Structures are given as C-alpha cells and as structure tokens.
2 protein chains.
Amino acid sequence: MIQNVCDSDFGSVIKNRNQELLDSFGSHLRKLRKHRGMSQEELAYEADIPISQVGRIERGEINVTISTLYLIAKAMNMELKDLVNFR
Amino acid sequence: MIQNVCDSDFGSVIKNRNQELLDSFGSHLRKLRKHRGMSQEELAYEADIPISQVGRIERGEINVTISTLYLIAKAMNMELKDLVNFR
DNA sequence: TTGAATCAACTCATATATGCGCTATTTTTA
DNA sequence: TAAAAATAGCGCATATATGAGTTGATTCAA
C-alpha cells in the first residue's frame, strides 16, 4: 500500500506551527490545576466547558481560544494574565 | 417572507456568550497598537497573520486563539500576559 | 481635487475549536 | 488485590478561526 504523506488524519506527524506553545501552556495549566487540588472534571464543571476539552488543552492538542481561557481563569479564581504567564 | 430567528448569518443579532470579552480585548489591542504607532497592516506583517484577521480581532468579531495572541504579542514586542492584561 | 494610506466589511475555502458521548487505560485509594 | 477515581483517547456534528482575497468608505496629505 502506498503511503500518503499528506494524509488528512495526520497522526502525530504534522503539528501546529505553535506546538511548543500549546504543549507548554498545557503543562502550565495542569500544574496550576493540580496545585489547587482540582480534578479535570471539577475544573470543567466550574468553567462550564466539557471535560474532554480540559484534557485536550492540557495535552496540547488544541489551540484554545481567549474566551475558553477566560472561563478557565475564572474557574480557578485567577486573572487571565496570570493564567497565560508561563515559559 | 417568514423570518428565520435562527438565521445563520446572524446580523448583529446573536452574539458570542463572551462578546463583552471580545469587544474589550479588541479595544485594548487597538489602543496598544496605536500607542506603538503601528497600522493594522504593519502589525499583520510583523505577526505574520492576515490583515483582515487584525481588523476582525479589533472589532471583536472573532474569538482569537492563544497562538494568534502569542504572534501578536511577539510582533508588538511584549509578553503574552501583558497583551491580555485588560478590563 | 487627486492620490495615498488606512480601515471596514464583505466573500469564500479550509482547518480546527468546541461540545457531547463513549470506552480504555492509568492512577489512586481502600 | 480489587474497586473507584482520574485521565486518555477516540468518534462525530457543528460553529467558527484562520487565511486569502476584494471592494468601498474615510482620513489625510500634496
């Protein structure tokens, strides 16, 4: 079978041009969450977003939007600027 | 003709649940940009994003992602946390 | 007035974030 | 070890961010 280099499902092959940013934000968020003793489920509930979304963000799989960042910050009782203060 | 309340083009009718956030971030960005004496075109060029995107963000039309925020911050020679320090 | 610069406001295609449901795996706890 | 809790990692539908154009309005300078 011929391999398709431009396969549309990508599979850990092609990454976002800002993958490092997403990875490091994900790690940062996970650290903040655990430091507060929250589970992904608790954070998701407080932020009113799906739990699957929290997991995807922490694993650096998605490029989170400012409105989701805001909901997460509020759920963790912190300011947006502190949530994105990493690296 | 019957009016479709759920019209897909929305027309200043339905807004994002975080519209206020998007509006105020847009104003904030515009202020920061002008304070630096940059045009939308210059910012777009430096951040390597389309000029149309800069306009849409400043007008609060879109829910910008963290990677775009990062590119904009870099283009304005500032840190991400300072870019989202508003309200 | 004429031209240049700036920005608003659209169209369109494509990629992807979000939201939801589900199962499998891993980790923690009893 | 066994059960429970937490997380990973899918699949899918829908909404929307991004990227690349175009046109028109406005402002400002020559």
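Computed from a prediction, not measured in an experiment: that's the story for all the values here. A, B, ... follow the sequence lines: proteins, then strands. Residue 1 opens every chain.
At dT7(D), one or more side-chain N or O atoms of Lys34(A) fall inside 4.0 Å of OP1 or OP2 (strictly under the cut-off). In this structure, Gln53(B) does not reach the dG19(D) phosphate: none of its side-chain N or O atoms is under 4.0 Å from OP1 or OP2. For the pair Arg33(B) and dC7(C), the criterion of a side-chain N or O lying under 4.0 Å from OP1 or OP2 is met.
Comparing Thr65(B) and Ile51(B) along DNA chain D, the residue whose closest nucleotide (by nearest heavy atom) sits nearer the 5' end is Thr65(B).
Under 3.5 Å, the side chains of Ser24(B) and Ser27(B) contain no donor-acceptor pair of N or O atoms.
As rounded to whole Å, 12 Å separates atom P of dA5(D) from atom CD of Glu42(A). Spacing between atom CG of Asn63(A) and atom C1' of dT16(D) amounts to 13 Å, rounded to whole angstrom units. Residue Ile62(B) contributes atom CD1, which lies 13 Å from atom C1' of dT16(C) at whole-angstrom precision. A straight line from CG of Leu43(B) to P of dT6(C) spans 13 Å, rounded to a whole angstrom. Taking atom CD on Glu41(A) and atom P on dG21(C), their separation rounds to 13 Å, with Å as the unit. Between the P atom of dT16(C) and the CD atom of Gln19(A) lies a distance of 11 Å, rounded to the nearest Å. If you take CD1 of Ile57(A) and P of dT16(C), they are 16 Å apart, rounded to a whole angstrom. The interatomic distance linking Ile66(A) (CD1) with dA17(C) (P) rounds to 16 Å, in whole Å.
Expressed to the nearest 0.5 Å, how far CD1 of Ile51(A) lies from CD of Glu41(A) amounts to 5.0 Å. For the atom pair Ile66(B) CD1 and Leu71(B) CG, the distance stands at 11.0 Å (nearest 0.5 Å). Between the CZ atom in Arg56(A) and the CD atom in Gln40(A) there is a gap of 11.5 Å [rounded to 0.5 Å].
The end-to-end axis angle of the helix from dT1(C)-dA30(D) to dA30(C)-dT1(D), rounded to 10 degrees and based on five pairs per end, is 60°.
The pair Glu58(A)-Arg33(A) meets the salt-bridge criterion, with a side-chain N (NZ, NE, NH1 or NH2) lying under 4.0 Å from an Asp/Glu carboxylate O.
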Quick one, give me the B/S/- string for nucleotides 8-15 of chain D, reading 5' to 3', where B means a protein heavy atom under 4.0 Å from the base and S means that only happens at the primed atoms, P, OP1 or OP2. BB-B----
Step by step, would you call His28(A) with Arg87(A) a side-chain contact (heavy atoms from CB on, under 4.5 Å)? CA-CA 8 Å; His28(A) 173 67; Arg87(A) 279 191 149 174; over 6 Å; no
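The nucleotide whose nearest atom lies closest to any side-chain atom of Ile49(B) is, among dT6(C), dG19(C), dG19(D), dG19(D).
The two residues Gln19(A) and Gly60(A) come nearest to each other via the heavy atoms NE2-O, 2.9 Å. For the pair Met76(B) and Leu43(B), the tightest heavy-atom approach, listed with the atom from each and the gap, is CG-CD1, 3.6 Å.
With a 6.0 Å cutoff to the six-membered ring centre and a 45° limit on the axis angle, Arg30(A) does not count as a cation-pi contact of Phe25(A).
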